[in-house]
Amino acid sequence: MPQLDSFIIPEFHLPFENCKDPGAERANAEATAWSVERGLIDEATEEFAGIGFGHLAARVSNGASYDDLVLLAQWMAWSFVLDDQHDLLIRDDDVDDWRPVAAAITGYVADGRADRIPKAARNPLVDSFVELCDRILDRMPPGIQGRYRVHVPLMLRSLDEEAANRRPGYLPPVGDYILTRRHSSQLLPMMDMVEAALGIDVPPPVHASPAVQELAWSAIDVISWGNDVFSLPKEYSCGDTNNLAALLAAWQGWALPQAVRAVEERIEARVEDFLAGARALPAVLDALGVADPTARKAAELRVRAYEDWMVGSDLWQRYDCTRYRDERFAAGLEAAYTRPGLVTAV
């Protein structure tokens, strides 16, 4: 790849308000300590805590109980380790070591049978998932449980797709990448957790509506593409093409500043899509025959939760998180807290 061009992270137009739960710092410390106790990290704990997963959780689940806030922060901490471990295996050309991990997690979220996990697949990442999964599902109503059980395997499959995108000489089409990114963002399981924590239980027919689904995709695209801008130095430096700005630059022959502007324009368009979808929601519910005030309120609260996700994620990256400002990260190196051999440690 050509030398990294300097660029300025835009101020994305996100016309939403956000309040951060006052338990953010405490939840961040508890999630960090939990990660150390479970063997997910064993050094550079301050750098790991600097990711600010407790702050992100506090921005997207304000109003939830503190226990739910901590659980979400722990899941987020786990998901960052998951992402970094997967990235390390790709760098070391050891992706085959990932298959038992993905199979163990996928199997457990489906049947809850820890006894079916092969001993060779037991490691801190899998064991901590088993713990989290039990606690998460225990706090979810059946409908959200079902969605969570679907979303976790999709998340894992998307990581395989991203690994395939990084094979030498391959440049994924932008449209294909966008579909993969919706799941590799790992947002859907977290959104399930937030809805359960806030008591937002959208009825299945409403959830399945294409118009309601599109609201989710527009919000997820906004968050994912914004994150691609923040993480662009790292991904560009290590030759990772799983980044919308890097892909646009490669396919269009643009310098990075031009590609970043193009991403900003796409984000603005998706925000408008979201706003239009939110305005149309009452008519969508009418067409579905949803007259129950509780169901209609749940759909409205989900829209508000998506707003918190969009603006909260952006504010977290700008003000709460050191990950994207870390020199090692910007240089395309693995994080100092990443444990080599974690997924093969039994």
Side-chain angles (χ1 to χ4, degrees), residues 14 16-85 124-125 128-129 131-136 138-140 148 152 155 185-200 223-224 226-227 230-231 304-326 328-329 335-339 342:
L14 303 170
F16 314 115
E17 297 180 358
N18 184 251
C19 295
K20 184 164 69 168
D21 190 288
E25 189 61 46
R26 180 183 163 199
N28 200 70
E30 289 195 32
T32 301
W34 175 86
S35 300
V36 173
E37 291 166 1
R38 299 306 184 269
L40 294 172
I41 60 169
D42 59 5
E43 57 184 22
T45 55
E46 288 188 11
E47 178 181 310
F48 186 67
I51 296 173
F53 24 78
H55 293 272
L56 177 57
R59 287 192 180 278
V60 301
S61 63
N62 188 34
S65 73
Y66 182 72
D67 286 347
D68 283 319
L69 173 60
V70 172
L71 181 57
L72 179 60
Q74 290 170 339
W75 172 266
M76 289 176 169
W78 178 86
S79 73
F80 277 107
V81 174
L82 175 84
D83 192 56
D84 288 337
Q85 287 293 325
L125 193 67
S128 54
F129 172 80
E131 175 197 336
L132 287 172
C133 186
D134 288 346
R135 292 163 58 201
I136 288 167
D138 187 57
R139 303 173 83 87
M140 286 179 168
Y148 176 83
V152 169
M155 175 186 80
S185 67
Q186 305 187 35
L187 286 166
L188 283 171
M190 291 188 280
M191 288 177 166
D192 295 334
M193 292 178 66
V194 169
E195 290 187 18
L198 297 178
I200 303 171
I223 300 163
S224 301
N227 178 258
F230 280 93
S231 63
R304 178 69 185 101
Y306 289 156
E307 293 174 359
D308 276 341
W309 271 105
M310 285 185 282
V311 68
S313 297
D314 183 74
L315 294 172
W316 161 71
Q317 291 169 127
R318 292 181 191 278
Y319 304 116
D320 303 324
C321 177
T322 62
R323 179 179 176 88
Y324 305 111
R325 299 190 295 273
D326 180 82
R328 288 179 59 90
F329 187 87
Y337 54 78
T338 300
R339 284 189 55 189
L342 175 68

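- Rounding to the nearest 0.5 Å gives a distance of 12.5 Å between CG of Leu315 and SG of Cys321.
- Within the model, atoms CD1 of Ile223 and CE of Met191 stand 4.0 Å from one another, a figure rounded to the nearest 0.5 Å.
- To the nearest 0.5 Å, atom CG of residue Asp42 and atom CG of residue Leu342 are 9.0 Å apart.
- Atom CD1 of Ile136 and atom CG of Leu72 lie 8.5 Å apart (nearest 0.5 Å).
- Side chain of Asn18 to main chain of Arg59: a donor-acceptor pair is present (N/O by atom type, distance under 3.5 Å, no hydrogens or angles).
- Between Leu71 atom CG and Tyr66 atom OH the span is 12.0 Å, to the nearest 0.5 Å.
- Paired with Val60 under the rule side-chain contact (heavy atoms from CB on, under 4.5 Å), one option of Met76, Met310, Glu307 passes, and it is Met76.
- Leu125 is not listed as a side-chain neighbour of Phe129, based on a closest heavy-atom distance of 4.5 Å or more.
- A perpendicular orientation is assigned to the rings of Phe48 and Tyr337, their planes being inclined by more than 60° (bins at 30° and 60°).
- Annotation for Ser185 and Met190: closest pair O-CE, 4.2 Å, computed over non-hydrogen atoms.
- Nearest heavy-atom pair, Arg135 versus Arg139, reported as atom, atom and distance to 0.1 Å: O-CG, 3.2 Å.
- The distance from the CZ atom of Arg323 to the CD atom of Gln317 is 10.5 Å, given to the nearest 0.5 Å.
- In this structure, the side chain of Asp21 does not engage the main chain of Ala58 through any donor-acceptor pair within 3.5 Å.
- For Ala73 against Ala27, the heavy-atom pair with the smallest separation is CB-O, 4.1 Å.
- Val81 has its side chain out of reach of Ser35: every pair of non-hydrogen atoms, C-beta onward, lies at least 4.5 Å apart.
- By the 30° and 60° cut-offs, the orientation of the rings of Tyr324 relative to Trp316 is perpendicular.
- Of all heavy-atom pairs between Ala49 and Asn28, the closest is O-ND2, 2.9 Å.
- Residues Trp34 and Ser128 have side chains in contact (heavy-atom distance under 4.5 Å, counting atoms from C-beta outward).
- With contacts defined as side-chain heavy-atom distances shorter than 4.5 Å, the pair Gln85/Thr338 qualifies.
- At least one donor-acceptor pair under 3.5 Å links the side chain of Glu47 to the backbone N or O of Ala336.
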For Arg38 and Gln74, what are the C-alpha separation, side-chain angles and deciding distance, and is it a side-chain hydrogen bond (donor to acceptor under 3.5 Å, both in side chains)? CA-CA 11 Å; Arg38 299 306 184 269; Gln74 290 170 339; over 6 Å; no
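- Looking at heavy atoms from C-beta onward, Arg304 lies in side-chain contact with Asp308 at the 4.5 angstrom threshold.
- The nearest pair of heavy atoms linking Pro124 to Leu40 is O-CD2, 3.7 Å.
- Counting non-hydrogen atoms of neighbouring residues, nucleotides and ligands closer than 6.0 angstrom, the CD atom of Glu131 exceeds 12 such neighbours.
- Judged purely by atom type and a 3.5 angstrom limit, Arg339 uses its side chain to pair as donor or acceptor with the backbone of Gly39.
- Using a 4.5 Å heavy-atom threshold, the side chains of Lys20 and Tyr319 count as separate.
- In this structure, the side chain of Asp320 does not engage the main chain of Leu56 through any donor-acceptor pair within 3.5 Å.
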